[in-house]
Amino acid sequence: MCGIVGHIGPKNSVDVVIEGLRRLEYRGYDSAGVSFLDEKNQLHLIKKEGKLQNLIDALGDTQFTAESCIGHTRWATHGGVTDENSHPHMAGRISLVHNGIIENADVLRADLKEKGFQFLSETDSEVFLAIVCTAMDSGLSFFDAVTTSFKKIEGNSAFVILSADEQELIALKRSAPLVCGTLKSSQRAMVSSDAYALVGLVDKLYFPEDEVVCRVSHTSKEMVQFFELDGTPSSRFDIKDQEMSLDSTDKGNFEHFMLKEIYEQPALIRSLSQFYLNGEGLKAIEEMKALGPKKVHISACGTAAYAGSVIRDYIEGLARIPANVELASEFRYRNPIIGKEDLGLFISQSGETADTLAAQELCQENNVSTLAIVNVEGSTLFRECDKNLLIRAGVEIGVASTKAFTQQALTGRLMVAGLKGELADENLKSGLIKKYNLLAERIDQLLENCDYIKDIAENIYNYKGYFYTGRGQYYPISLEGALKLKEIAYVHAEGYAAGELKHGPIALIDENMVNIAIVGPELYDKTVSNIQEIKARKGKIVTIGPKGDKGLEKISDFYIPMDFEGLEELAPLYVNVANQLLAYYMAKFKGTDIDKPRNLAKSVTVE
């Protein structure tokens, strides 16, 4: 969701913060702004709705001399998309940026208005600024005003507050992402909602726990200090070296990050297999057997939830352990039946998805073991779960997830190998390695010869609506395929179990509707029968099916041939790459913003 970057150091802070915000554009946003102290210790505020370039244009060619700055990219929650509602918010000699939602903002706002505070925006974020200012007017120090005010708000939030008088930043959070960083060689300190903003700018990363206050200042011996809310020093934070590379934030020869990330998948699959089956990750997979759950509760959101459905089929089909998939936003509210011998499995690219974190917390409170399949080491989900399996996808810039889905599902398959104790048998282990390499090879071949998918996209991108259908292990892929098309092409698309079409949705089928039908070797006859039902009602048929199947090609308007031989349970991940390419090219013909789709955020850190 919202992107936060703060900086104190000798290099022009405005330039550093703008660079950080540029890196966070992939998260999705609708406005941007900065607040900074100049060489005369005057506090400035510049913010604009729309793209970051609007803010850069507003800054103009003026060379600001600033050694402290905070910046923000906003994804609107409270209040419309306007300059006034953009962040930072400023009052007197204080400005702040915020990620999250203050749940009791309306009550607090009413009280503050009665006390005479003049609000300039509709946001809940300005409410916190008002509380801090009111507390300071009553005589509290900047530090005490911030911590006292933080205790009054409800909900998940992260704040970075800049004080002109103290010439320091204070950052703190509750169930929202926040990372601090330092570069000792240049006396630079930074804070952000996303470690990617700090790549190449710091060499140490600090991950504070909830309600730990991070104080960043020129004046102290240590530029970054950590305190509890009562002002006592805190040790509740993790430290790690900054090891990420900027390579992943470069599109290279690709037109879009999404396409680049689709093409990265074969190499990532090989690397994942090598790491967990032949490398240092082997121990983590072997330790899965000791979990021995009676039942697995899989909780995730969006694309990660569909990866969870693929993993559920692995858990039940291969390990024969009962498993269910729940949307994290529903799981926590329906009073689920969870036992101490169960396992909570949580899937997230960012590790900061608010609903998934809340579901994990519910399991933790009920003494249920928790395991994360996650991409970001050091993220909140990574730190909170008992065990973690990293999907090792690298930075995913495209808002619509591609490589993360593949890596999540494949990491789940490795987890199941651990649960079953497969890796103790060298033949089974060797067979799994070969299967992963075969999947990578097949995807390579698909990517090398995909012009026909682009041609299909050009023929169908202007139809009224799209039904993705699949049966068995391909049903989750139909759901994910439809989601991908909705996200980036802005068209109506639905994923269905093919056998369910006749139970209602078939009423929508006519010559203006397209069926993307996934046909694998399993349940072949039944799936073909479902295609015939749509064809009889004049629906356009795009089939993703076995290569060389002339009969299936004949009943299809367009055909995407797939070589399923030897892939077995990994075949859905192969099909999904074809879906990704089809969605990408349809969006390209539509002329949409593929990497940064409207209204979407990469990391959904509020409910």
Side-chain angles (χ1 to χ4, degrees), residues 1-2 26-29 75 77 156 176-177 194 257-258 261-262 265 297-313 324-333 344-360 372-376 379-382 391 393 395-412 466 468 470 475-496 572-573 576-577 579-580 583-584 587 592-607:
M1 303 289 275
C2 301
Y26 79 98
R27 294 167 64 99
Y29 69 103
W75 192 87
T77 52
N156 301 339
D194 192 324
F257 280 110
M258 181 179 179
E261 288 157 4
I262 291 171
Q265 290 174 107
H297 303 274
I298 304 170
S299 192
C301 300
T303 285
Y306 297 146
S309 293
V310 176
I311 295 170
R312 174 204 58 207
D313 291 347
N324 62 285
V325 181
E326 300 254 14
L327 295 172
S329 56
E330 293 295 325
F331 178 75
R332 61 183 294 210
Y333 291 116
L345 174 60
F346 304 93
I347 307 169
S348 172
Q349 189 284 132
S350 68
E352 302 293 353
T353 307
D355 289 315
T356 305
L357 290 171
Q360 187 274 338
I373 291 180
V374 63
N375 195 31
V376 182
S379 62
T380 303
L381 186 64
F382 181 92
I391 69 171
V395 181
E396 188 176 60
I397 300 295
V399 170
S401 181
T402 52
K403 62 179 180 176
F405 174 88
T406 300
Q407 295 295 98
Q408 286 164 348
L410 291 174
T411 302
Y466 305 83
Y468 284 72
Y475 171 42
I477 302 307
S478 71
L479 296 171
E480 169 60 11
L483 176 62
K484 212 53 52 200
L485 189 61
K486 280 184 279 196
E487 285 177 323
I488 64 171
Y490 311 155
V491 297
H492 182 75
E494 296 294 339
Y496 276 95
L573 288 313
N576 192 58
V577 177
N579 280 344
Q580 291 171 356
Y584 172 81
T592 61
D593 190 346
I594 291 174
D595 284 334
K596 300 187 283 276
R598 68 189 184 199
N599 303 331
L600 296 183
K602 184 66 177 174
S603 178
V604 182
T605 56
V606 298
E607 288 189 59

>> With side-chain hydrogen bond (donor to acceptor under 3.5 Å, both in side chains) as the test, pick out the partner of Glu480 among Thr402, Thr303, Asn576.
In response: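 By the side-chain hydrogen bond (donor to acceptor under 3.5 Å, both in side chains) criterion, Glu480 pairs with just one of Thr402, Thr303, Asn576: Thr303.
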>> By the definition side-chain hydrogen bond (donor to acceptor under 3.5 Å, both in side chains), identify the one residue from Glu487, Gln349, Lys484, Glu396 that meets it with Ser401.
In response: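 Single side-chain hydrogen bond (donor to acceptor under 3.5 Å, both in side chains) partner of Ser401 among Glu487, Gln349, Lys484, Glu396: Glu396.
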Between [Y] and [X], is there a side-chain heavy-atom distance shorter than 4.5 Å?
X	Y	result
Glu261	Ile397	yes
Arg598	Tyr490	yes
Leu381	Thr353	no
Lys596	Asp593	yes
Tyr496	Ser478	no
Tyr468	Leu479	no

> For Glu352 and Asp194, what are the C-alpha separation, side-chain angles and deciding distance, and is it a side-chain contact (heavy atoms from CB on, under 4.5 Å)?
Replying inline: CA-CA 10 Å; Glu352 302 293 353; Asp194 192 324; over 6 Å; no
Measure across [X] and [Y] and return the closest heavy-atom pair with its distance rounded to 0.1 Å.
X	Y	value
Val395	Lys403	O-NZ, 2.9 Å
Ala482	Gly495	CB-N, 3.5 Å
Leu573	Thr406	CD1-CA, 4.1 Å
Pro476	Asp313	CG-OD2, 4.2 Å
Ala300	Ile347	CB-O, 3.4 Å
Gly351	Leu357	O-CD2, 3.9 Å

> Phe346: what forms a ring pair (Phe, Tyr, Trp, His ring centres under 6.0 Å) with it, not counting sequence neighbours?
Replying inline: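 With sequence neighbours excluded, Phe346 shows a ring pair (Phe, Tyr, Trp, His ring centres under 6.0 Å) to no residue whatsoever.
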>> Which residues pass the side-chain contact (heavy atoms from CB on, under 4.5 Å) test with Ala587, not counting sequence neighbours?
In response: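 Per chain and number, Ala587 pairs via side-chain contact (heavy atoms from CB on, under 4.5 Å) with Ile488, Ala489, Thr592, Ile594.
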>> Taking side-chain contact (heavy atoms from CB on, under 4.5 Å) as the definition, give me every residue that meets it alongside Glu326, ordered by chain and number, with sequence neighbours left out.
In response: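 side-chain contact (heavy atoms from CB on, under 4.5 Å) list for Glu326, sorted by chain: Asn324, Phe331, Arg334.
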>> Set out, in order, the CA-CA distance, both residues' side-chain angles and the distance that settles side-chain contact (heavy atoms from CB on, under 4.5 Å) for Ile391 and Val374, then state yes or no.
In response: CA-CA 6 Å; Ile391 69 171; Val374 63; over 6 Å; no
>> Pair Val310, Ile477 - check side-chain contact (heavy atoms from CB on, under 4.5 Å), show working.
In response: CA-CA 8 Å; Val310 176; Ile477 302 307; 4.2 Å; yes
>> Quick one, Phe382 with Val376, criterion side-chain contact (heavy atoms from CB on, under 4.5 Å). Give me CA distance, side-chain angles, the key distance, then yes/no.
In response: CA-CA 7 Å; Phe382 181 92; Val376 182; over 6 Å; no
> Are any side-chain N or O atoms of Asp595 and backbone N or O atoms of Phe257, one a donor and one an acceptor, separated by less than 3.5 Å?
Replying inline: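 Side chain of Asp595 to backbone of Phe257: a pair is present.
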> Between Gln265 and Ile262, is there a donor-acceptor pair closer than 3.5 Å when you use the side chain of the first and the backbone of the second?
Replying inline: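 Indeed, once roles are kept as given, a pair shorter than 3.5 Å links the two residues.
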